[in-house]
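The structure under discussion appears below in the form of C-alpha cells.
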Amino acid sequence: MTKRLRSTDLHRLDALVQEVLAIAQSKPAVDSLLRKRLFATPGMGGARPKATVQDGDDYWLVKPGLMTDTLDLALLEHATMQWGSKAGLRFADTRHHPLGIERSVIRILRFDRRGAQRIMTVSAASLLQVQYPPVEAADSIAASYPRLAEELKRIGAPPEDGIELFGRMVFNGVVGNNDDHPRNHAVLFDLDEQRWRLSPAFDVVPETQDDPGALVMQVSAGRYDITREAMLCDCLRFGFATHADARDHFDSLLKRIADSFVEIAPLLDAALRKALQERLQTMLAKLGLAG
Ligand SMILES: Nc1ncnc2c1ncn2[C@@H]1O[C@H](COP(=O)(O)OP(=O)(O)OP(=O)(O)O)[C@@H](O)[C@H]1O
Ligand SMILES: [Mg+2]
C-alpha cells in the first residue's frame, strides 16, 4: 500500500503559513509538532518557502507572500494562473487566501499526487539534460521551447502538448513571466492514459519591474526575444502543420489572453491591476499583427 503523505489539513493553513515563515526567517518554532512534520517531509525545491496542505484527496502546494515583498506576489501569481486557465491554457488550479492585512498566500493543486498515489514527474531541465542555473553556454542553448516540444513528442506525449507548450511560451511573453526556466516546466506520467504528458503550467508570475524583452528559454533557435517573429519562426517544431496555422493560433491566443483579462482583473488590487493592464497593452501592441 502506498504511504499517505503526512500533510497538514487545510483548516490549519494559517498555522502552517506562520510556521513556514518562521522557518524562512530562522525563528523558533511557533508550533513544534508542525515544525517537526515540515522537516520530516521532503521540500519541494524552488527559491521561496513552501509547504503542502491536504484537502480531502487533494494536495496543494502552499506559497506564502513574504514581508520583504513590495507587492502581493501570492495574489499576482493566483491571478496570473487563473488568467492562463481562462485564456484556454492548461494551468494548475489555484486558490488565494488573504491572511491579515499585508500577508496573503496562494495554494496550487499538486499534479504529482492523486489521493495516496504518487504521479511520476520529471522537470524539463532533466528531460532536456540541462543545468539550471546554467553552468555552461550549452545549458542555455539546450533550454529551448521548440526542443522541449520535440522531446515531448519523442517520449510519446500527444501532439496537443506541443501546441499547449507553444501557447504557454506566448502567454509568458505577453504577461512578462521571464522566470520561465527549465525547472518551471515538467512532464508527468498520466496513469489513466499510460503515457507521458506535459504537466499543468505552474509558477507563472509576471516580472513586476520593467517589461521583459526576453524569456529565459529559447523561443526559436538562438532567439530569446519576446517578438512575434522569433516566437513564430520555429513553429513547425511545435507540431503546427504550416506557418499559416501557427500564425492563426498565435493571433487567436492573443485575443483570448486580451479578452480574459477582464475576468481576472477583479481579483487584483488597484496597483497590480494597473500594472498588468499596462503590460498587456504594451505586449499586444508589440506582438499583434501591427507589431
Ligand atoms: N502544482 C504543482 N504540483 C507538483 N509540483 C509542483 C507544483 N508546482 C510546483 N511544483 C514543484 O515545486 C517546485 C517549486 O515550486 P515553484 O516553482 O512554484 O516555486 P518557486 O520557489 O517560486 O520557484 P523558483 O525557484 O522557480 O522561483 C517546482 O520546481 C516544481 O518541481
Ligand atoms: Mg519555480
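Start at 1 and go down the list; that is how both ligands and their atoms are numbered. Hydrogens, waters and symmetry mates play no part in the numbers below; they use all other heavy atoms, side chains included. Since the model is a prediction, treat every value here as computed from it, not as a measurement.
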Quiz prompt | Identified salt bridge (charged side-chain N to carboxylate O under 4.0 Å, His left out) counterpart of Arg114 within the set Asp190, Asp192, Asp58 | solution = Asp192
Quiz item: So Phe166 and Phe240, would you call those rings parallel, tilted or perpendicular, with 30° and 60° as cut-offs?
Solution: perpendicular
Quiz item: Any chance the side chains of Arg107 and Thr94 put a donor and an acceptor closer than 3.5 Å?
Solution: no
Can I get a per-line list of side-chain donor-acceptor pairs under 3.5 Å for residues 211-218, giving both atom names and the distance, sequence neighbours left out?
{"unit_1": "Asp211", "atom_1": "OD1", "unit_2": "Arg279", "atom_2": "NE", "d": "2.6"}
{"unit_1": "Asp211", "atom_1": "OD1", "unit_2": "Arg279", "atom_2": "NH2", "d": "3.2"}
{"unit_1": "Gln218", "atom_1": "OE1", "unit_2": "Gly222", "atom_2": "N", "d": "2.9"}
{"unit_1": "Gln218", "atom_1": "NE2", "unit_2": "Tyr224", "atom_2": "OH", "d": "3.1"}

Exercise. With sequence neighbours excluded, tell me which residues meet side-chain contact (heavy atoms from CB on, under 4.5 Å) with Ala74.
Key: Asp72, His96, Ser104, Ile106
Exercise. Establish, yes or no, whether a centroid distance under 6.0 Å links the rings of Phe171 and Phe91.
Key: yes
Quiz item: What do you reckon, is CD of Glu207 surrounded by more than 12 foreign heavy atoms closer than 6.0 Å?
Solution: yes
Which N/O atoms of ligand 1 sit under 3.5 Å from a protein N/O, and at what distances?
{"unit_1": "ligand 1", "atom_1": "1 (N)", "unit_2": "Leu109", "atom_2": "O", "d": "2.8"}
{"unit_1": "ligand 1", "atom_1": "3 (N)", "unit_2": "Phe111", "atom_2": "N", "d": "3.0"}
{"unit_1": "ligand 1", "atom_1": "12 (O)", "unit_2": "Met44", "atom_2": "O", "d": "3.4"}
{"unit_1": "ligand 1", "atom_1": "17 (O)", "unit_2": "Asn184", "atom_2": "OD1", "d": "3.0"}
{"unit_1": "ligand 1", "atom_1": "17 (O)", "unit_2": "Asp203", "atom_2": "OD2", "d": "2.8"}
{"unit_1": "ligand 1", "atom_1": "18 (O)", "unit_2": "Lys63", "atom_2": "NZ", "d": "2.7"}
{"unit_1": "ligand 1", "atom_1": "19 (O)", "unit_2": "Lys50", "atom_2": "NZ", "d": "3.4"}
{"unit_1": "ligand 1", "atom_1": "21 (O)", "unit_2": "Ala47", "atom_2": "N", "d": "2.9"}
{"unit_1": "ligand 1", "atom_1": "21 (O)", "unit_2": "Arg48", "atom_2": "N", "d": "2.9"}
{"unit_1": "ligand 1", "atom_1": "21 (O)", "unit_2": "Lys50", "atom_2": "NZ", "d": "2.8"}
{"unit_1": "ligand 1", "atom_1": "22 (O)", "unit_2": "Lys63", "atom_2": "NZ", "d": "3.1"}
{"unit_1": "ligand 1", "atom_1": "22 (O)", "unit_2": "Asp203", "atom_2": "OD1", "d": "3.2"}
{"unit_1": "ligand 1", "atom_1": "22 (O)", "unit_2": "Asp203", "atom_2": "OD2", "d": "3.2"}
{"unit_1": "ligand 1", "atom_1": "23 (O)", "unit_2": "Asp203", "atom_2": "OD2", "d": "3.1"}
{"unit_1": "ligand 1", "atom_1": "25 (O)", "unit_2": "Ala47", "atom_2": "N", "d": "2.8"}
{"unit_1": "ligand 1", "atom_1": "26 (O)", "unit_2": "His181", "atom_2": "NE2", "d": "2.9"}
{"unit_1": "ligand 1", "atom_1": "26 (O)", "unit_2": "Asn184", "atom_2": "OD1", "d": "3.2"}
{"unit_1": "ligand 1", "atom_1": "26 (O)", "unit_2": "Asn184", "atom_2": "ND2", "d": "3.1"}
{"unit_1": "ligand 1", "atom_1": "26 (O)", "unit_2": "Asp203", "atom_2": "OD2", "d": "2.9"}
{"unit_1": "ligand 1", "atom_1": "27 (O)", "unit_2": "Asp179", "atom_2": "OD2", "d": "3.4"}
{"unit_1": "ligand 1", "atom_1": "29 (O)", "unit_2": "Arg183", "atom_2": "O", "d": "3.2"}

Quiz item: So, Ser126 side chain and Val122 main chain: donor-acceptor pair closer than 3.5 Å or not?
Solution: no
Quiz item: Under 2.8 Å from the Mg ion (ligand 2), protein N/O/S atom count?
Solution: 2
Quiz prompt | is_close_aromatic(Tyr145, Phe238), centroid dist under 6.0 Å | solution = no
